[in-house]
Number of protein chains: 4
Amino acid sequence: MAQSDTVTRILDTAEVLFAERGFAETSLRNITSKARVNLAAVNYHFGSKKALIQAVFSRYLDPFTLRFHTALDELEAQHDGQVIPLETLLETMATTVLAVPAERNSLKVFMRLLGLAYSQAQGHLRRHIQQEYGDVFTRFTELVRQATPELPDAERFWRLHFMLGTVIFTLSGLDALRDIAEKDYHEQVSVRDLIRRLRPVVVAAMNAPLPPTLEEGHHANAKVS
Amino acid sequence: MAQSDTVTRILDTAEVLFAERGFAETSLRNITSKARVNLAAVNYHFGSKKALIQAVFSRYLDPFTLRFHTALDELEAQHDGQVIPLETLLETMATTVLAVPAERNSLKVFMRLLGLAYSQAQGHLRRHIQQEYGDVFTRFTELVRQATPELPDAERFWRLHFMLGTVIFTLSGLDALRDIAEKDYHEQVSVRDLIRRLRPVVVAAMNAPLPPTLEEGHHANAKVS
Amino acid sequence: MAQSDTVTRILDTAEVLFAERGFAETSLRNITSKARVNLAAVNYHFGSKKALIQAVFSRYLDPFTLRFHTALDELEAQHDGQVIPLETLLETMATTVLAVPAERNSLKVFMRLLGLAYSQAQGHLRRHIQQEYGDVFTRFTELVRQATPELPDAERFWRLHFMLGTVIFTLSGLDALRDIAEKDYHEQVSVRDLIRRLRPVVVAAMNAPLPPTLEEGHHANAKVS
Amino acid sequence: MAQSDTVTRILDTAEVLFAERGFAETSLRNITSKARVNLAAVNYHFGSKKALIQAVFSRYLDPFTLRFHTALDELEAQHDGQVIPLETLLETMATTVLAVPAERNSLKVFMRLLGLAYSQAQGHLRRHIQQEYGDVFTRFTELVRQATPELPDAERFWRLHFMLGTVIFTLSGLDALRDIAEKDYHEQVSVRDLIRRLRPVVVAAMNAPLPPTLEEGHHANAKVS
DNA sequence: TATGAATGAGTATTCATTCAT
DNA sequence: GATGAATGAATACTCATTCAT
């Protein structure tokens, strides 16, 4: 158990420090000294810093993938071949996202990590995530496609990413925003509260009217790369 | 020209490398060697790496602030005390954002930098931006407030940040997304094209129905920190 | 032995180089390259250059403090509550000072280091010495007080420091002075020889007549800051 | 006059900073920025940092040498071939030392600088001082020799340096000692006050009985290098 | 005469990783 | 299975000095 304990303490400490400072700004010394673990333990147990970063993500994403597949299985069984409404799909995803960290650490940390995964120069991480967890997202987007037949494929693709940006940006920068919100509007904002606010916005965004096509749109008058 | 040249080359190189790899992952050696400039030149001209980072932002944000203030002045003059419609405000902002980098480097870099500013552990940078450029955003949000009187203040605050997330996330991760989009949908996506797609989404999101209040909403059944 | 060896070699080399050139003029590169040790070893074993400087002193002062306390214990036991004569106290201190470096390196190095500790801009070092080794000096000065009841406290304070200056200045600049002395007076001067010369001078200085009080002294006629 | 002004400001600033922190710890940047002078000015006007250090000393020592020679001329004229008493010689030296800085900056700075000259690794400085100002000290020690005919030459040499140590150590570390003295003995100590205390001590020290010769002294029983 | 720009060599320190035990 | 010691490479930054103007 001593080994397992060491591994767990490294992961627990690493995820918090990564979320707080980013990957490059968190040294193995930071992690091992805060975790009260030998400096060489990370390389011993994980092999490298990169592998540790991936392990931190796996601890969240593995159970998420499992649960999400199960939830989608149930949804499909319930609807028995019929189209699952968009709102139900989004609802299900939100519920699953919320459920996983509830078992473990905090949702905030998870979201910070997701934000970092996108913004920081960790190509290996993006590749790792894409490779290990791409399937469930492909399945999900296919269901979304069926739920929004009127949307051109490209439009749907972009809108899904618009919304991904909304969610990740907001939840990963939650602390800073929450501070401002509380100071200016004297409001206590919980993650659950934020999800409540997100729902109608996301739905409205997905159902927004289509943009004018390029032909009938305004003429570009400046070159922008 | 000698001084100006060195300073400019440092800034040009730094902004590209920062955008590609992030701040911590870009060393002064990286910058100076790629810019073909002496290693000590950064500290000579800027004082520190932090100051260089801030200078990179200032080169975008200074002209942006200037132009945006001017544009808002014009808008207010045109509407002569009457409320400026939300779409006009968003349109104006988009135009200004597009105009500035067009004079300089690329919009993509600017957006990547903005994304990094939010996600990376650069407290000094967030403070610097807030302090130097907070005014024009305050002015803008006040105009948005007048354009959306039916929205509660807190709701407007969050929706603006939802949309900020959408824009920054999408535009800052543009390259990766564009690759996928082109592969899957055989579509060439320009920034201008993306802005066209963003417009109806943002408007719809801002005008989405209000969420149910907490009292009448679903009961929370899981604790999420 | 590996660890002990590296640490010892760093300390041995550092104390010699510090004594020769001073702290600021001795770089960690100087030390590690001369000690045939990895450049990072100093930071690994000591944490910082400051800590190394303090460690160099501790290696002398720790055994000195121990021995001096023991010697004073013995003196007090011998005199059984009666006042210990000043000359005995000075004799004991001299003997202890001589004994410690005899076990280790050279007295000359120790004295050079002490001189540096006072003259160089190493506030941290003065604080460290004061804090770690202040007790034994307090004990010593208290015994000196009892041995010289006729001296006003302030006068005794200053005279002790006058003598400290004599000893440290002479012994720390020993090499240069010795060169001159040998050239001019064809005399081989050992440290032991110098101590012999110091004894009557120090005793006479401590027992010098009191200066005229300010009131009856010469009137100051020039302002000196 | 602009040039002269620049030179003076550099010298004024340099002597203060050198006295506060030492030579190595004071950079040309420190000096020039505090003096509000161009960074290249030191090298322009003095040629190098070493030359600046020497110039700082010359500004004190040149007038000192002049005055001291004059004072000794007068003394010799007054005593007309007869031996000048030791106390008179010491008195004259003290007066001259006090007089020079009174015209310029502070005595404390001068003494700090003298202390540094001895303790810091500035071989060039010691050589410079010896070479430029050795004569007047040779003249002075010859007069001291005549005033103390009973002292063996070597003994006189050492005692003079003992006293040099007393004076330089005390006056150069004055600030720290003054702080302690004021805290412990509630005494305000001026330099003039300290000189008053030094006088009887130095005289007593110079007149101390001769030490036992080596033959009749205690036998050394430990080798000390 | 004076200075802003530039530079090559240097500083202490930190890094992830390796290795012998 | 685990760890203290060690290391080579890199980090940001500072230095005194030079040089073109």
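In the text below, chain A, chain B and the rest are named by the order of the sequence lines, each starting its count at 1. These figures come from a predicted structure and were not determined experimentally.
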N-O pairing of C/Asp12 and C/Lys34 below 4.0 Å: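 Judged by the 4.0 Å cut-off on N to carboxylate O distance, C/Asp12 and C/Lys34 do not form a salt bridge.
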
Sugar-phosphate only, base, or nothing, as touched by B/Thr32 at under 4.0 Å among non-hydrogen atoms: nothing

Between [N] atom [atom2] and [X] atom [atom1], what is the distance in whole Å?
{"X": "A/Leu39", "N": "E/dT14", "atom1": "CG", "atom2": "P", "value": "13 Å"}
{"X": "A/Arg9", "N": "F/dA2", "atom1": "CZ", "atom2": "P", "value": "12 Å"}
{"X": "C/Asp5", "N": "F/dG4", "atom1": "CG", "atom2": "P", "value": "20 Å"}
{"X": "B/Arg29", "N": "F/dT14", "atom1": "CZ", "atom2": "P", "value": "15 Å"}
{"X": "D/Ile10", "N": "F/dA16", "atom1": "CD1", "atom2": "C1'", "value": "14 Å"}
{"X": "B/Leu28", "N": "F/dA9", "atom1": "CG", "atom2": "C1'", "value": "16 Å"}
{"X": "A/Phe46", "N": "E/dT17", "atom1": "CZ", "atom2": "C1'", "value": "16 Å"}
{"X": "C/Ile53", "N": "E/dT11", "atom1": "CD1", "atom2": "C1'", "value": "14 Å"}

Is any side-chain N or O of [X] closer than 4.0 Å to OP1 or OP2 of [N]?
{"X": "A/Asn43", "N": "E/dT17", "answer": "yes"}
{"X": "A/Thr6", "N": "F/dA2", "answer": "no"}
{"X": "B/His45", "N": "E/dA6", "answer": "yes"}
{"X": "A/Ser27", "N": "E/dC15", "answer": "yes"}

Parallel, tilted or perpendicular, as decided by the 30° and 60° cut-offs, for the rings of B/Phe23 and B/Phe18: perpendicular

Strand partner of E/dT3, provided both Watson-Crick or wobble distances fall under 3.5 Å: F/dA20

Any donor-acceptor pair under 3.5 Å from B/Arg21 side chain to B/Thr26 backbone: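 Checking the backbone N and O of B/Thr26 against the side chain of B/Arg21, no donor-acceptor pair under 3.5 Å is found.
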
Closest-nucleotide 5' rank along DNA chain F - winner of C/Asn38 and B/Tyr44: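 The 5'-side residue here is C/Asn38.
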
5' priority, DNA chain E, between B/Val37 and A/Lys49 [closest heavy atom]: B/Val37

From CA spacing to verdict: side-chain hydrogen bond (donor to acceptor under 3.5 Å, both in side chains), A/Asp5, A/Thr8: CA-CA 5 Å; A/Asp5 185 47; A/Thr8 305; 5.6 Å; no

Identified side chain to side chain donor-acceptor pair (under 3.5 Å) counterpart of B/Gln54 within the set B/His124, B/Glu132, B/Arg127: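 The residue from B/His124, B/Glu132, B/Arg127 that satisfies side chain to side chain donor-acceptor pair (under 3.5 Å) with B/Gln54 turns out to be B/His124.
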
